[in-house]
Amino acid sequence: MTDSAQTLPVPGAVGKLYDELTLNAMKDGTFNTNVHIGYWDSPDSDASIEEAMDRLTDVFIEHMQVDKGSHVLDLGCGVGGPGLRVVERTGARVTGISISEEQIRTANRLAAAAGVAGRAVFRHGDAMELPFPDASFDAVMALESFCHMPDRQQVLQEVSRVLVPGGRLVLTDVFDRIPRTEVRHPGIEKFCRDLMSTMADVDDYVPMLHRSGLRVRALLDVTEQTTLPTARHLVRLADLGERPEAMVESNFAFADDAFHPADLAGVESFGCLLVTAERP
Ligand code: SAH
């Protein structure tokens, strides 16, 4: 199955979805500044889901190699949790863009509250057409945003354009871990439908990066560290009744058969890819 065989996300609609998710989460108390999966270094790790979410941002920081002189673009910045962590941990300046106006309002409010509004600026924009000049960033990070973009190749070209020579791109994306001719697990179908996402074809990634003029540094299957344990944790929390809404449940109550993270528990084929590339 190629990208074109999947329903392509429409950026405006993705923006509205995240507006709604943000407002709902603020209303029902499930608001979280990280809108992404966790990263557990090993199967024996006893990190909580919150710790593992921050750990994912730290893994990005390790791969980006930025410092206080750097300017980082956070592509699909959510409500700013990861970007603010990058500012706090590295001293770098961060500019974030999201297609959701509501997320941008929230992110700028959080930056002001943290006293770093001068170093973390969030603005509304579409990754398909970046509103920035050529060679304006030392690094680009994209935590779980590529899955919502209708044309990954175009975004990679835009990323390559705005990176300085030597600048790095780090991203996570979801991909099918089984041959694409097989029928998809219903949990993956629901995820794609309700979260307006497509699954990447892992075979396409290297050619796409190369066509965009980027050099590959690492392409890692981090499914065992991310998507699988995240689904396990969310199911366990829901079972314990501790966080029954577990960050997303209430947000997807659009239909009776709406996506729930439990739909992905144990779904080995729901892969997560961590990519590091560099503009030569
Ligand atoms: N990276 C954030 C948010 C991940 S959720 C975090 O880890 O917390 C996906 C994000 O991608 C949302 O902020 C959404 O608005 C953004 N996004 C999706 N499509 C986009 C597009 N075409 N242009 C810009 N942002 C987009």
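One-based numbering, in listed order, for ligands and for the atoms of each.
The distance from ligand 1 to the heavy atoms of Asp126 drops below 4.0 Å at these ligand atoms: 21 (C), 22 (N), 23 (N). Of all atoms in ligand 1, numbered sequentially from 1 with element shown, those under 4.0 Å from a heavy atom of Val14 are 18 (C), 19 (N). Counting the atoms of ligand 1 from 1 in the order shown, those under 4.0 Å from a heavy atom of His36 are 6 (C), 7 (O), 8 (O).
Only the side chain of Pro82 comes within 4.0 Å of ligand 1, judged by heavy-atom distances. For Cys77, every heavy-atom contact with ligand 1 shorter than 4.0 Å involves the backbone, none the side chain. At a 4.0 Å heavy-atom cut-off, ligand 1 touches Asn34 through the backbone alone.
Counting only heavy atoms of the protein, atom 1 (N) of ligand 1 lies nearest to Gly76 O, 2.7 Å. Counting protein heavy atoms only, atom 11 (O) of ligand 1 is closest to Ser145 CB, 3.3 Å. Closest protein heavy atom to atom 4 (C) of ligand 1: Val35 O, 3.2 Å. The closest protein non-hydrogen atom to atom 23 (N) of ligand 1 is Ala127 N, 2.8 Å. The closest protein non-hydrogen atom to atom 9 (C) of ligand 1 is Glu144 O, 3.5 Å. With respect to atom 5 (S) of ligand 1, the closest heavy atom belonging to the protein is Tyr18 OH, 3.4 Å. Protein heavy atom nearest atom 19 (N) of ligand 1, with residue, atom name and distance: His148 CB, 3.7 Å. For atom 12 (C) of ligand 1, the nearest non-hydrogen atom of the protein is Gln103 OE1, 3.3 Å.
Put simply, the side chain of Asp263 gets close to the backbone of His260: a donor and an acceptor are under 3.5 Å apart. Side chain of Gln103 to backbone of Ser100: no donor-acceptor contact under 3.5 angstrom is found. A donor-acceptor pair under 3.5 Å links the side-chain atoms of Asp151 to the main chain of Gln153, judged by distance alone. Between the side chain of Arg161 and the backbone N or O of Leu130, at least one donor-acceptor pair lies under 3.5 Å. Put simply, the side chain of His124 gets close to the backbone of Ile99: a donor and an acceptor are under 3.5 Å apart. The main-chain N or O of Pro82 is never found under 3.5 Å from a side-chain atom of Thr57 such that the two would form a donor-acceptor pair.
The shortest N or O to N or O distance between Ser98 and ligand 1 is under 3.5 Å. At least one N or O atom of Gly78, backbone or side chain, sits closer than 3.5 Å to an N or O atom of ligand 1. Looking at ligand 1, you'll find an N or O of Ile99 within less than 3.5 Å of one of its N or O atoms.
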- Message: Determine whether Leu171 and Thr276 satisfy the following criterion, side chain to side chain contact (heavy atoms under 4.5 Å, CB included), listing intermediate values before the conclusion.
- Response: CA-CA 7 Å; Leu171 67 89; Thr276 304; over 6 Å; no
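Side-chain contact of Ser269 with Arg184: a donor-acceptor pair under 3.5 Å is absent, judged by distance alone.
Across every non-hydrogen atom of Leu56 and His36, the tightest pair is CD2-CD2, 3.7 Å.
In this pair, Phe259 and Phe191 present their aromatic rings perpendicular. The plane angle is above 60°, beyond the 30 to 60° band.
The pair Glu224-Arg177 meets the salt-bridge criterion, with a side-chain N (NZ, NE, NH1 or NH2) lying under 4.0 Å from an Asp/Glu carboxylate O.
Within the structure, the closest approach of Gly125 to ligand 1 falls below 4.0 Å when heavy atoms are considered.
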